[in-house]
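Everything on this sheet refers to the single structure shown next.
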Amino acid sequence: MSQFKHIFSLLLVTAFIFLSSCKKNPRMDLLGTVLLPKPVSVIASGSSFELNNSTKILVKAESESLLKAGQYLAGLLKPATGFDFEVSQTSEIPNSNSIYLSISELDSEFGNEGYILNISEKNVTLSANDPAGIIRGIQTLRQVMPKEIEASSKQQVSWFMATGEIRDYPLYEYRGSMLDVSRHFFGVEDVKRLIDLLSAYKINVLHLHLSDDQGWRIEIKSWPNLTAHGGSTQVGGGKGGFYSQEEYKDIVQYAAERYITIIPEIDLPGHTNAALASYPELNCNGIATELYMGTSVGFSTLCTDKEITYEFVDDVIRELAEMTPGPYIHIGGDESHVTPLDDYISFINRVQDIVISHGKMMIGWDEIAHAALKKNAIVQFWAKAENAKKGVEKNARVIISPANRTYLDMKYDSLTRIGLSWAAFIELDSAYIWKPHKLVEGINKENILGIESPLWSETVVDMEDIEYLVFPRIIGHAEIGWTPDSQRDWNDYKSRLKKHTERLKIMGVNYYDSKLLATEESEKE
Ligand code: TNX
């Protein structure tokens, strides 16, 4: 009898071990996970993977940038999980409890930024043709995790994520935002925070509007008074500021680690009062102007028939090009209302040659389409469709930034506490429901480099203001730039965005709480 008892308890123990070893992960649905921008394809497999304190981040050996991507991921996951991830290179494909990053040969449609994210009960694998795709896929992985992952301190949460496979790549190669640091100046930390927030939505360009009538914001060693004097104030008379070359390089590097290209803009030949106030010789009458702290535009111009003007432009663009690894320099070109058109055209033609001589591609606001555009010139459509069309006729590619859809400084509605409204009120639906290739007849998908959302800062004074105008509108623009049109739908986007605001709260983003996202009575639980 006692022998029988013994066998029985042995059986019990075995059964217990067996059962606990196949403890099922909770069932979860990847298709129900909110992803912004929406990926090209999602297949759900109905189970879950649990990230825990023995999960490893492994990267395929051979690539330094892949190791960096792994460290970037560990840095994102650490604050909320408290896990000290081991990030290491491996030459074997791991099979359990790891997040494995690898460069593999994916089909050509994945390009540089596409990725495949596969989540099984045992493992997560992320593969791409290029580290840029790994960084984009990491943003998706973040959104597959519980929203608490965005917290800056340790959370008591089980880190389960739904299993399945996401295959994804962008619609447009250029998905940008712009920050005007001239009208009001924003320091390096603010710019880095913005870069981090933009990177979460797979935005890959940050255009910095570095000079305007109200302030010159980038150190140019050969013309030091530009910042010493021209950077000393801002709209409303505050103390202004500027980036030293070291600080600018630091921003460029920080952005590059997130595979974001910085595009520096020096606005020419108009919007140049800060330069004209700093150097009398740049004025036709040889007399320096006064610093300007107002907001109206279109009154200033460089003296287009003085040779020193071109020496100045050459020095500025050379120094900028030297510290800008990205392929573009933006030369402004907008609203030069006091430059006669013929002078404007010959000026832009010369500046274009200067940009090319420093190995960069020229971007300009749509007015530059009046000039003799050369190969690789890019026209940024903000105001006049006929200019953008003229650019396309001259074989330029177009960045789509129509003021009435993409200008982040436009108020949401008449009650918005900051912002302008000259182009439109832009509520979340108006920011989302449009297609770049349907805006202007004759400007088709192949003419479009991508889309960009500028934030002009006449009324924007601090990071809270920036976040209020940028979020959540830019998430819609990010989706327009990334997701195939056939997969975009306002109601679907709206319901994803509504859920996503819980995540924005944890990220500490001061987003605009639009009434369009308010929960209707019938939807309340
Ligand atoms: C127009 S857009 C401008 C900017 C202003 C902005 C305000 C463009 C190329 N020029 O100088 O800041 O409107 O919305």
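Atoms within each ligand, like the ligands themselves, are counted from 1 in listed order. All figures in this text were calculated on a predicted structure; none of them were measured in a lab.
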Measure from the ring center of H500 to the ring center of Y201 and say whether it is less than 6.0 Å. yes
Under 4.0 Å from ligand 1, residues with heavy atoms, in chain and number order, are R183, H271, D334, E335, W365, W382, Y407, D409, M410, L420, W422, W456, E458
Can you list every disulfide bond (SG atoms under 2.5 Å apart) pair that touches residues 275-345, not counting sequence neighbours? C284-C303
Please list all pairs passing the side chain to side chain donor-acceptor pair (under 3.5 Å) test where one or both residues lie in residues 352-366, with sequence neighbours left out. E265-W365, D314-H358, D353-K374, D366-N387
The side-chain hydrogen bond (donor to acceptor under 3.5 Å, both in side chains) partners of T324 (sequence neighbours excluded) come to Y248
Before giving the answer on ring pair (Phe, Tyr, Trp, His ring centres under 6.0 Å), spell out for Y310 and F347 the whole-Å C-alpha distance, their side-chain angles and the decisive distance to 0.1 Å. CA-CA 9 Å; Y310 300 94; F347 175 86; 5.7 Å; yes
Give a yes or no on this: more than 12 heavy atoms of other residues, nucleotides or ligands lie within 6.0 Å of atom NZ of K384. no
